[in-house]
Chemist: 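Sharing a structure here in structure tokens format.
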Amino acid sequence: MPANKRTWAEPFKIKVVEPVNIPSPATRERAIREAGFNTFLLRSEDVYIDLLTDSGTTAMSDRQWAAMMVGDEAYAGSKSFYRLEEAVQTWYGYKYVVPAHQGRGAENLLSKTLIKPGDIVPGNMYFTTTRLHQELAGGTFVDVIIPEAHDPTSTHPFKGDVDLARVEEVIDLYGAGRIPYISIAATVNLAGGQPISLGNARAVRELAHRHGIRVILDAARVVENAYFIQKREPGFEDWSIAAIVKELCSQTDGCTMSAKKDPLVNIGGFLAVNDHAIYEDAANLAVIYEGLHTYGGMAGRDMEALATGIEESLHEDHIRARVGQVLYLGQKLIDARVPIVVPVGGHGVFLDARAFLPHVPQEQYPAQALAAALYLDSGVRSMERGIVSAGRNKETGEENKPKLELVRLTIPRRVYTQAHMDVVAESVESVFADRASIRGLRMTYEPKYLRFFQARFEPLEL
Ligand code: PM9
């Protein structure tokens, strides 16, 4: 059989294992009620296969654990910080690095540094924490992603692309002076892990810089994005993943990074920029919100694990197997005719809850109800990414009603096997067969910020 037709296996051997429980049906019933039908409020000991998130759930390599032993825990000027700084400069190409405890710490520093009250921040679809920090700094997010991103059935290969004509309109409407930066995410989480093309990123930079506007990358899943560029974008098939990542970063003036995703660590993040004045302001704010600018809330050992993880994440065999596992699960569900977002994204498979539960109106939180039903069926934990995550309009207080009403089956990196994916697919298929019995929910507690994390619900009566 030719090499490119053969099957592949994970490019690692398993050295340590963590036993998991399979909770009984009675345990699952009790646990989801106690959790107010919110999978974020379940205890992990009540979960069988945990697909809540790919954030901080990575299995680290033996090299990363070994690196932790040489972490330098000096309060100031840790050797481990300089190793991290060098890794960011080498692999992503930015000049200055401010470490942060995780992605939203970096978003806070960036937003407070660059956004003034009344500013507008265009971006390729909102992300929950990112938009909230923009709003808390006085800004308003404006969605400039291409329309195909909001259609779960569109097979556009780069649904993360920016609609350049829409950006021109936004600049005409508000004026470039009110736009501190254009935010581009690679990949776009809430669109289903969809990539932005390099051609589009180059065009965004050209357009933005022509108007004197910066471009900032959300780099949390930039390696997964690079994999899709290598596979789908003409002209990049012979480029290495590392070269594509660096080229993508070079289209931007800085990035925020949640290192809990592609860089393969359980905690950490950073803000990286090329402009020294911005670096100075952000490094100064870091001492208020994160810690000294040479650790930013991370232990020295965390910075060591991160420096090693950045390099490992760029290995071709790693990223092929990582995205390959997501595609494997996605293909199983496509074959079973379960409605999911296509093309399958980089970090998870997203169930289309509108098509799955057409009898549950959006005001009754169909994706939240579907995530709870899946947990009840098998102990598989997933996450709502629909109206609950979208929260409320900051001016009117009305609920935002996103077109995409999704349940995310998020695959942690290097944690589960294909057999786990088979169990997940069987459970989704079983819930799909029984979908008519799933009822909507009523929200009984709504926290003020990022409500999806802590909101509580109860099932509506028939
Ligand atoms: N993403 C996720 O599960 C964890 C928090 S929301 C449930 O997808 C992007 C694109 C993210 C992201 C976190 C952050 C924030 C920024 N950008 O969680 O603060 O997907 O490290 O990063 C989550 P932190």
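Atoms within each ligand, like the ligands themselves, are counted from 1 in listed order.
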Chemist: What protein heavy atom sits nearest atom 1 (N) of ligand 1, and how far away is it?
Modeler: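 Heavy-atom neighbour on the protein nearest atom 1 (N) of ligand 1: Lys261 NZ, 3.0 Å.
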Chemist: I'd like to check which ligand 1 atoms, numbered from 1 as shown, lie under 4.0 Å from a non-hydrogen atom of Arg221.
Modeler: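 Heavy-atom distances to Arg221 below 4.0 Å select 2 (C), 8 (O), 10 (C), 11 (C), 20 (O).
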Chemist: When you measure from atom 24 (P) of ligand 1 to every protein heavy atom, which one gives the shortest distance, and what is it?
Modeler: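 Heavy-atom neighbour on the protein nearest atom 24 (P) of ligand 1: Gln102 NE2, 3.2 Å.
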Chemist: Side chains of Gln230 and Glu316: is there a donor and an acceptor less than 3.5 Å apart?
Modeler: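 Gln230 vs Glu316: donor-acceptor pair found between side chains.
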Chemist: Check the orientation of Phe40 and Phe453. Use parallel for under 30°, tilted for 30 to 60°, and perpendicular for over 60°.
Modeler: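 Taking Phe453 first and then Phe40, their aromatic rings stand perpendicular (interplane angle over 60°).
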Chemist: Any cation-pi pair here, Arg28 with Tyr48, using under 6.0 Å and within 45°?
Modeler: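 Not flagged: Arg28 not positioned over aromatic ring of Tyr48.
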Chemist: Looking at Arg413, Arg414, Lys260, Lys261, which hits salt bridge (charged side-chain N to carboxylate O under 4.0 Å, His left out) with Asp54?
Modeler: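 Answer to the salt bridge (charged side-chain N to carboxylate O under 4.0 Å, His left out) test with Asp54 among Arg413, Arg414, Lys260, Lys261: Arg413.
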Chemist: Which atoms of ligand 1 sit under 4.0 Å from any heavy atom of Phe40?
Modeler: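 Reading through ligand 1 atom by atom, the close ones are 7 (C).
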Chemist: Does the gap between the ring centers of Phe37 and Tyr365 come in under 6.0 Å?
Modeler: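 No - the distance between ring centres of Phe37 and Tyr365 does not fall below the 6.0 Å cut-off.
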Chemist: Check each atom of ligand 1 against the heavy atoms of Asp218 and keep those under 4.0 Å away; list them by number with element.
Modeler: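 Numbered from 1, ligand 1 contributes 9 (C), 10 (C), 16 (C), 17 (N).
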Chemist: Applying a 4.0 Å heavy-atom criterion (strictly less than), which segment of Tyr126 is in contact with ligand 1: side chain, backbone, both, or neither?
Modeler: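 None of Tyr126 does.
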Chemist: Distance to 0.1 Å, residue and atom name: give those for the protein heavy atom nearest to atom 18 (O) of ligand 1.
Modeler: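 Sorting protein heavy atoms by distance from atom 18 (O) of ligand 1 puts Arg104 NH2, 2.9 Å first.
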Chemist: Any idea which protein heavy atom is nearest atom 14 (C) of ligand 1, and the distance to it?
Modeler: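 It is Phe127 CE2, 3.5 Å.
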Chemist: Would you say ligand 1 has an N or O under 3.5 Å from any N or O of Lys260?
Modeler: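 No.
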Chemist: May I ask you to list the atoms of ligand 1 that are less than 4.0 angstrom from any heavy atom of Phe453?
Modeler: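 Every atom of ligand 1 under 4.0 Å from some heavy atom of Phe453: 6 (S), 7 (C).
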Chemist: Do you see a donor-acceptor pair shorter than 3.5 Å between the side chains of Thr90 and Lys246?
Modeler: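 No - no donor-acceptor pair under 3.5 Å links their side chains.
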Chemist: Consider every N or O of Ser258 and every N or O of ligand 1, then say whether any pair is closer than 3.5 Å.
Modeler: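 Yes; the residue has a nitrogen or oxygen that sits under 3.5 Å from a nitrogen or oxygen of the ligand.
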Chemist: Please report the shortest heavy-atom distance between Leu406 and Ala367, naming the atom on each side.
Modeler: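 Leu406 and Ala367 have their closest heavy atoms at O-CB, 3.2 Å.
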Chemist: Can a cation-pi geometry be assigned to Lys112 and Tyr289, taking NZ or CZ under 6.0 Å from the six-membered ring centre and within 45° of the ring axis?
Modeler: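 Checked: cation-pi criterion met.
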Chemist: Taking only heavy atoms of Thr53, which atoms of ligand 1 are found under 4.0 Å from at least one of them?
Modeler: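 Near Thr53, the atoms of ligand 1 are 2 (C), 3 (O).
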Chemist: So which of Gln364, Glu363, Glu458 actually passes side chain to side chain donor-acceptor pair (under 3.5 Å) with Arg442?
Modeler: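 Of Gln364, Glu363, Glu458, side chain to side chain donor-acceptor pair (under 3.5 Å) with Arg442 is met by Glu458 alone.
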Chemist: Decide whether an N or O pair under 3.5 Å exists between Arg385 and ligand 1.
Modeler: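 There is no such contact.
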Chemist: Measure from the ring center of Phe81 to the ring center of Tyr295 and say whether it is less than 6.0 Å.
Modeler: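 When the ring centroids of Phe81 and Tyr295 are compared, they turn out to be at least 6.0 Å apart.
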Chemist: Backbone or side chain, does any N or O of Asn189 fall under 3.5 Å from an N or O of ligand 1?
Modeler: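 Among all N and O atoms of Asn189, at least one is under 3.5 Å from an N or O of ligand 1.
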Chemist: Does the side chain of Leu109 come within less than 4.5 Å of Glu290's, by heavy atoms?
Modeler: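 A side-chain contact exists here, since the closest heavy-atom pair is under 4.5 Å.
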Chemist: Among all protein heavy atoms in this structure, tell me which lies nearest to atom 15 (C) of ligand 1, with the distance rounded to 0.1 Å.
Modeler: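 The answer is Thr129 OG1, 3.4 Å.
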Chemist: Is the distance between the ring centroids of Tyr279 and Tyr96 under 6.0 Å?
Modeler: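 Yes; Tyr96 has its ring centre under 6.0 Å from that of Tyr279.
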Chemist: So between Glu107, His347, Arg408, whose heavy atom ends up nearest atom 16 (C) of ligand 1?
Modeler: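 Result: the heavy atom closest to atom 16 (C) of ligand 1 is in Glu107.
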Chemist: Are any of the N/O atoms on Gly103, whether in the backbone or the side chain, positioned under 3.5 angstrom from an N/O atom of ligand 1?
Modeler: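 Yes, Gly103 has an N/O under 3.5 Å of an N/O on ligand 1.
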Chemist: Any nitrogen or oxygen of Asp54, side chain or backbone, less than 3.5 Å from one on ligand 1?
Modeler: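 The answer is no, given that Asp54 and ligand 1 share no N or O pair closer than 3.5 Å.
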Chemist: Regarding atom 7 (C) of ligand 1: of the candidates Met383, Met257, Met125, Glu384, which has the closest heavy atom?
Modeler: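 Result: the heavy atom closest to atom 7 (C) of ligand 1 is in Met383.
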